[in-house]
Amino acid sequence: QVQLVESGGGLVQAGGSLRLSCTASGRTFNSYGIGWFRQAPGKEREFLGAINWSGENTYYADSVKGRFTISRDNAKNTVYAQMNSLKPEDTAVYYCAAVPDYYCSDYGCYDRDSWYDYWGQGTQVTVSS
């Protein structure tokens, strides 16, 4: 089992920044890739980006490329999502999820939420205009 807890959400003005954290406990954290997703009211869950077990490889959706940066610190069992130049349309609940690293090696795998075994409870991000 892997337990994931997101934190760092909140209310920010358009153009501002937030850094989300995803902290894991349980089984070996560094054998999992971590993905970030979000879901806005009335919309489907959307893939934002992912990072492999070592942090060497990252993948980003076009909607956030250039604005979001994902990194990880395996010594702290934590993955981060630095979000800059936030827009009102970024308002959503943000989730991190864990996928065994041997499952995925490219974007076409990481962006499929069905591959992920464990999910956090989510953290709300609200961007005001």
Side-chain angles (χ1 to χ4, degrees):
Q1 285 283 347
V2 174
Q3 293 80 40
L4 302 173
V5 178
E6 302 95 337
S7 60
L11 174 64
V12 64
Q13 289 188 334
S17 299
L18 284 174
R19 188 176 79 158
L20 305 183
S21 298
C22 172
T23 302
S25 60
R27 295 178 64 181
T28 307
F29 177 66
N30 62 6
S31 61
Y32 288 86
I34 300 294
W36 284 97
F37 296 79
R38 68 185 177 191
Q39 188 165 22
K43 295 188 177 181
E44 293 187 353
R45 186 159 54 194
E46 175 189 11
F47 171 76
L48 301 176
I51 189 166
N52 77 326
W53 72 273
S54 66
E56 183 176 355
N57 298 318
T58 52
Y59 310 85
Y60 297 98
D62 287 343
S63 59
V64 301
K65 196 174 293 183
R67 300 191 297 124
F68 285 16
T69 302
I70 299 173
S71 60
R72 69 189 293 162
D73 184 342
N74 284 342
K76 295 182 178 180
N77 280 9
T78 301
V79 170
Y80 304 98
Q82 177 67 44
M83 308 188 299
N84 299 325
S85 302
L86 286 164
K87 307 173 184 179
E89 51 264 43
D90 292 318
T91 295
V93 177
Y94 284 68
Y95 300 90
C96 64
V99 55
D101 204 68
Y102 59 84
Y103 282 6
C104 289
S105 60
D106 58 29
Y107 183 98
C109 178
Y110 281 111
D111 73 338
R112 293 190 176 188
D113 57 7
S114 58
W115 287 116
Y116 292 80
D117 289 344
Y118 305 102
W119 292 81
Q121 84 290 347
T123 186
Q124 176 71 46
V125 171
T126 302
V127 184
S128 63
S129 57

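Not measured: the values here are computed from a predicted model. Throughout, residue positions are numbered sequentially from 1 according to the sequence presented. As a basis for the values below, the full set of heavy atoms in this structure was taken, side chains included, without hydrogen atoms, waters or symmetry mates.
For the disulfide bond (SG atoms under 2.5 Å apart) condition, the pairs that include at least one residue of residues 100-129, sequence neighbours left out, are Cys104-Cys109. Residue pairs meeting the disulfide bond (SG atoms under 2.5 Å apart) criterion with at least one partner in residues 36-66, sequence neighbours excluded, do not occur; the list is empty. Residue pairs meeting the salt bridge (charged side-chain N to carboxylate O under 4.0 Å, His left out) criterion with at least one partner in residues 29-38, sequence neighbours excluded, are Arg38-Glu46, Arg38-Asp90. Residue pairs satisfying the ring pair (Phe, Tyr, Trp, His ring centres under 6.0 Å) criterion with at least one member in residues 60-90, sequence neighbours excluded, are absent. Sorted by first and then second residue, the disulfide bond (SG atoms under 2.5 Å apart) pairs involving residues 34-81 (not counting sequence neighbours) form an empty list. Annotation: salt bridge (charged side-chain N to carboxylate O under 4.0 Å, His left out) contacts involving residues 106-122, sequence neighbours excluded, comprise Arg45-Asp113.
Taking the six-membered ring for Trp and thresholds of 30 and 60 degrees, Phe37 and Tyr116 have ring planes more than 60 degrees apart, a perpendicular arrangement.
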Name each donor-acceptor pair under 3.5 Å that joins a side chain in residues 122-129 to protein atoms two or more places apart or in another chain, with its distance.
residue: Thr123; atom: OG1; partner: Gly9; partner atom: N; Å: 3.3
residue: Gln124; atom: NE2; partner: Ala92; partner atom: O; Å: 3.4
residue: Gln124; atom: NE2; partner: Thr126; partner atom: OG1; Å: 3.3

Could you go through residues 12-21 and list every donor-acceptor pair under 3.5 Å that involves a side-chain atom there, pairing it with any protein atom two or more places apart or in another chain?
residue: Ser17; atom: OG; partner: Asn84; partner atom: OD1; Å: 2.9

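Heavy-atom minimum distance, Tyr107 versus Ala61: OH-CA, 3.4 Å. The minimum heavy-atom distance linking Cys22 with Ile34 is given by the pair SG-CG2, 4.4 Å. A pairwise comparison of heavy atoms in Val79 and Trp36 identifies CG1-NE1, 3.6 Å as the closest pair.
Scored by the salt bridge (charged side-chain N to carboxylate O under 4.0 Å, His left out) test, Lys65 finds Asp62 as partners (sequence neighbours excluded). Residues meeting the ring-ring contact (aromatic ring centres under 6.0 Å, His included) test with Tyr94, sequence neighbours left out: none. Remark: Trp115 pairs with Tyr103 by the ring-ring contact (aromatic ring centres under 6.0 Å, His included) rule, at least two apart or across chains. Applying the ring-ring contact (aromatic ring centres under 6.0 Å, His included) criterion to Tyr110, with sequence neighbours excluded, gives Tyr59.
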